[in-house]
Undergrad: 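Submitted below is the structure of interest, expressed as structure tokens.
For clarity, every value in this text was computed on a predicted model and none was experimentally measured. So that the names make sense, note that chain A is the first sequence line, chain B the second, and so on, each numbered from 1.
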Protein chains: 2
Amino acid sequence: MHSFTEENYLKAIYKLQETNGEVVATSALAQVMGVHAPSVTDMLKRMGQKKLVSYQKSKGVKLTEKGKQVAIGIVRNHRLWEVFLVEKLGYRWDEVHDIAEQLEHIQGEELINKLDAYLGFPEADPHGDPIPNAKGVLPKLKSVLLSSLKEGDQATFTGVSDHSTSFLHYLDKAGIALGDTLKVKSIEQYDQTYTLTLKGKKEVTVSLKVANSILVS
Amino acid sequence: MHSFTEENYLKAIYKLQETNGEVVATSALAQVMGVHAPSVTDMLKRMGQKKLVSYQKSKGVKLTEKGKQVAIGIVRNHRLWEVFLVEKLGYRWDEVHDIAEQLEHIQGEELINKLDAYLGFPEADPHGDPIPNAKGVLPKLKSVLLSSLKEGDQATFTGVSDHSTSFLHYLDKAGIALGDTLKVKSIEQYDQTYTLTLKGKKEVTVSLKVANSILVS
DNA sequence: TAATATATTTAGGTTCGTCTAATTTAAAAT
DNA sequence: ATTTTAAATTAGACGAACCTAAATATATTA
Ligand SMILES: [Mn+2]
Ligand SMILES: [Mn+2]
Ligand SMILES: [Mn+2]
Ligand SMILES: [Mn+2]
């Protein structure tokens, strides 16, 4: 139906819209797609023809409703396959992204719904990101950054805002895992480091940078 | 590494070599690939450059050792994913081919080996076709056509030589399933129909055409 | 507001995988 | 051994997705 490339552009535009506002710039898109700006202009023209995006030259691009539905479908595929890789094949959460980048493009409504059922209709992927349901509806998880908590606050670690392998490795090394309960024991004024009590037991101190990449609720 | 198209050509050449002899004709390849002859000539030149095939113009084409290894890898992927779709997701054996055509191109040695392990290292796919192991070695299943049996012979239904949906549907309808034991009760001289006793119970009569598409051992 | 800097598009090219029409090579039949 | 037929290749073109270099449009800042 759509090429892998088109699907990747749609997903990239979708994510940029989520984080940076409705209108997406050519250069931003070029950056995340790892191509040069003229390639993006080219592609946006073609995708505009197909009514996947609304594009006006030099004015940036937005997804059409159609484009958005396709993008959400890809996100659904990606996250369900990530669950499969971790839950069934025994991958670690820092290893699955690249494989899911391939699997997300496998076509077939029935396939992904069967996979969904097989996995027990999970609500979130291994990184805590919400999985759109078969109708394209995203469960709105109301999580906040760890860095927004005050001393004494308690919460559960539900997701990451930095998906890089290096950050995930860091969390593993520090013994901080998805689902852990944590309490902010203290916040150091001087350098904004957070000392946490994990699962009522372990004590860990993390930097502001880390606290800005951890989602809790 | 290789494009989907290249991989599909390699698989097609591999299968044609298996059934029609070492040298594959441009026209045969065009037919199974569903493209026109000049496209094949073109593609073979490029694949020759990459040492995936040995191609001499107007003399047909053969796989190189490298090309053969890639082809066997694709076949391995295809068949393992078919097992997954049937065993884990609950697909029927006549529904899995097209999805496996997509999944077979997912890259990653580790992925397919983990899948293999997850499935319990199956030796055959849902159609009874042997699955190459991680080293590319195909278990040689010594099966024969049902039509080669004599009256009174007994055997197990281990595979099909016709993979068409219509034939698989026919078998389902007739209640003949992979793994069934069967005994040739009688062969009608006049029209070569086979009357079989299935699992020591049911009795079924099949045409020569069907007997030519059933593999037993 | 005019000058400068940055973002975007246009122009022209490349590779991959396909096509049709025309030509050449090989095989089969007379 | 010629002629006829069939198979394969060459020639020229096209769309998708990319590129570099040059031109233009927008934003910033003097
Ligand atoms: Mn991911
Ligand atoms: Mn994820
Ligand atoms: Mn198949
Ligand atoms: Mn099969």
Undergrad: Does B:Tyr118 have B:Lys88 sitting over its ring (NZ/CZ under 6.0 Å from centre, angle to axis within 45°)?
TA: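 Pair B:Lys88/B:Tyr118 counts as cation-pi.
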Undergrad: Is there any protein nitrogen or oxygen under 3.5 Å from a nitrogen or oxygen in nucleotides 19-27 of chain D, and what are the pairs?
TA:
residue : atom : partner : partner atom : Å
D:dC19  : OP2  : A:His36 : N            : 3.0
D:dC19  : OP2  : A:Ser39 : OG           : 2.4
D:dT20  : OP2  : A:His36 : ND1          : 2.8

Undergrad: Between C1' on C:dC16 and CD on B:Gln49, what's the gap in Å once rounded to a whole number?
TA: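 Atom-to-atom, B:Gln49 to C:dC16, this comes out as 14 Å.
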Undergrad: Does atom NZ of B:Lys114 have more than 12 heavy-atom neighbours from other groups under 6.0 Å away?
TA: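 More than 12 heavy atoms, drawn from other residues, nucleotides or ligands, come within 6.0 Å of this atom.
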Undergrad: For A:Ser166, enumerate each residue passing the side chain to side chain donor-acceptor pair (under 3.5 Å) test, keeping only those at least two apart in sequence or located in another chain.
TA: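 Result, side chain to side chain donor-acceptor pair (under 3.5 Å) vs A:Ser166: A:Ser164.
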Undergrad: Over 60° means perpendicular and under 30° means parallel, so tell me whether A:Tyr170 and A:Phe167 are parallel, tilted or perpendicular.
TA: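 Aromatic pair A:Tyr170/A:Phe167 classed parallel.
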Undergrad: Report the distance from atom NZ of A:Lys50 to atom C1' of D:dA17, rounded to the nearest whole Å.
TA: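 So the two atoms are 11 Å apart, to the nearest Å.
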Undergrad: Grab the CE-P distance between B:Met47 and C:dT15 for me, whole Å please.
TA: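 Going from CE in B:Met47 over to P in C:dT15 covers 19 Å.
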Undergrad: Would you indicate which nucleotide in D:dA17, D:dT10, C:dG17 comes nearest to any side-chain atom of A:Met43?
TA: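 From the listed options, D:dA17 comes nearest.
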Undergrad: Heavy atoms only: give me the nearest A:Val53-A:Thr64 pair and the separation to one decimal.
TA: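 Looking at all heavy atoms of both residues, the shortest contact is C-CG2, 3.6 Å.
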Undergrad: A:Arg76 side chain to A:Gly136 main-chain N or O, any donor-acceptor pair under 3.5 Å?
TA: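 The answer is no, because no donor-acceptor pair under 3.5 Å joins these two groups.
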Undergrad: Would you kindly give the CD-to-C1' distance between B:Glu7 and C:dG17, to the nearest whole Å?
TA: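 It is 15 Å, rounded to the nearest whole Å.
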Undergrad: Quickly work out the A:His2 NE2 to D:dA17 P distance and round it to whole Å.
TA: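 It is 11 Å, rounded to the nearest whole Å.
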Undergrad: To the nearest angstrom, how far is B:Phe4 atom CZ from D:dA16 atom C1'?
TA: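 So the two atoms are 16 Å apart, to the nearest Å.
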Undergrad: In this structure, how many angstroms lie between the P atom of C:dT8 and the CE atom of A:Met33, rounded?
TA: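 Rounding to the nearest Å, CE of A:Met33 and P of C:dT8 are 16 Å apart.
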Undergrad: Please check the phosphate of D:dA8 (OP1 and OP2 only) for any side-chain N or O of B:Tyr55 closer than 4.0 Å.
TA: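 No, no such contact exists.
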Undergrad: Near DNA chain C, under 4.0 Å by heavy atom, which residues of residues 10-31 of chain A?
TA: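 Contacts with DNA chain C under 4.0 Å: A:Ala25, A:Thr26, A:Ser27.
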Undergrad: The test is side-chain hydrogen bond (donor to acceptor under 3.5 Å, both in side chains); show your working for B:Asn212 and B:Ser147 and say whether it passes.
TA: CA-CA 5 Å; B:Asn212 269 325; B:Ser147 55; 2.7 Å; yes
Undergrad: Reading DNA chain D from 5' onward, which residue's closest nucleotide shows up sooner: A:Tyr9 or B:Gln56?
TA: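 Closer to the 5' end of DNA chain D: B:Gln56.
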Undergrad: Between B:Arg46 and C:dG17, is there a contact of a side-chain N or O with OP1 or OP2 at under 4.0 Å?
TA: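 Indeed, a polar side-chain atom of B:Arg46 lies that close.
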Undergrad: If only side-chain N and O atoms of B:Ser3 are considered, is one of them under 4.0 Å from the OP1 or OP2 phosphate oxygen of C:dC16?
TA: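 No, outside the criterion.
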Undergrad: Relative to the ring of A:His105, is the ring of A:Phe4 parallel (under 30°), tilted (30 to 60°) or perpendicular (over 60°)?
TA: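 Parallel.
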Undergrad: Whole angstroms only, please: what is the CG-C1' distance between B:Asn8 and C:dC16?
TA: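 Atom-to-atom, B:Asn8 to C:dC16, this comes out as 15 Å.
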Undergrad: Got a donor-acceptor contact below 3.5 angstrom from the B:Gln102 side chain to the A:Gln107 backbone?
TA: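 Answer holds: yes.
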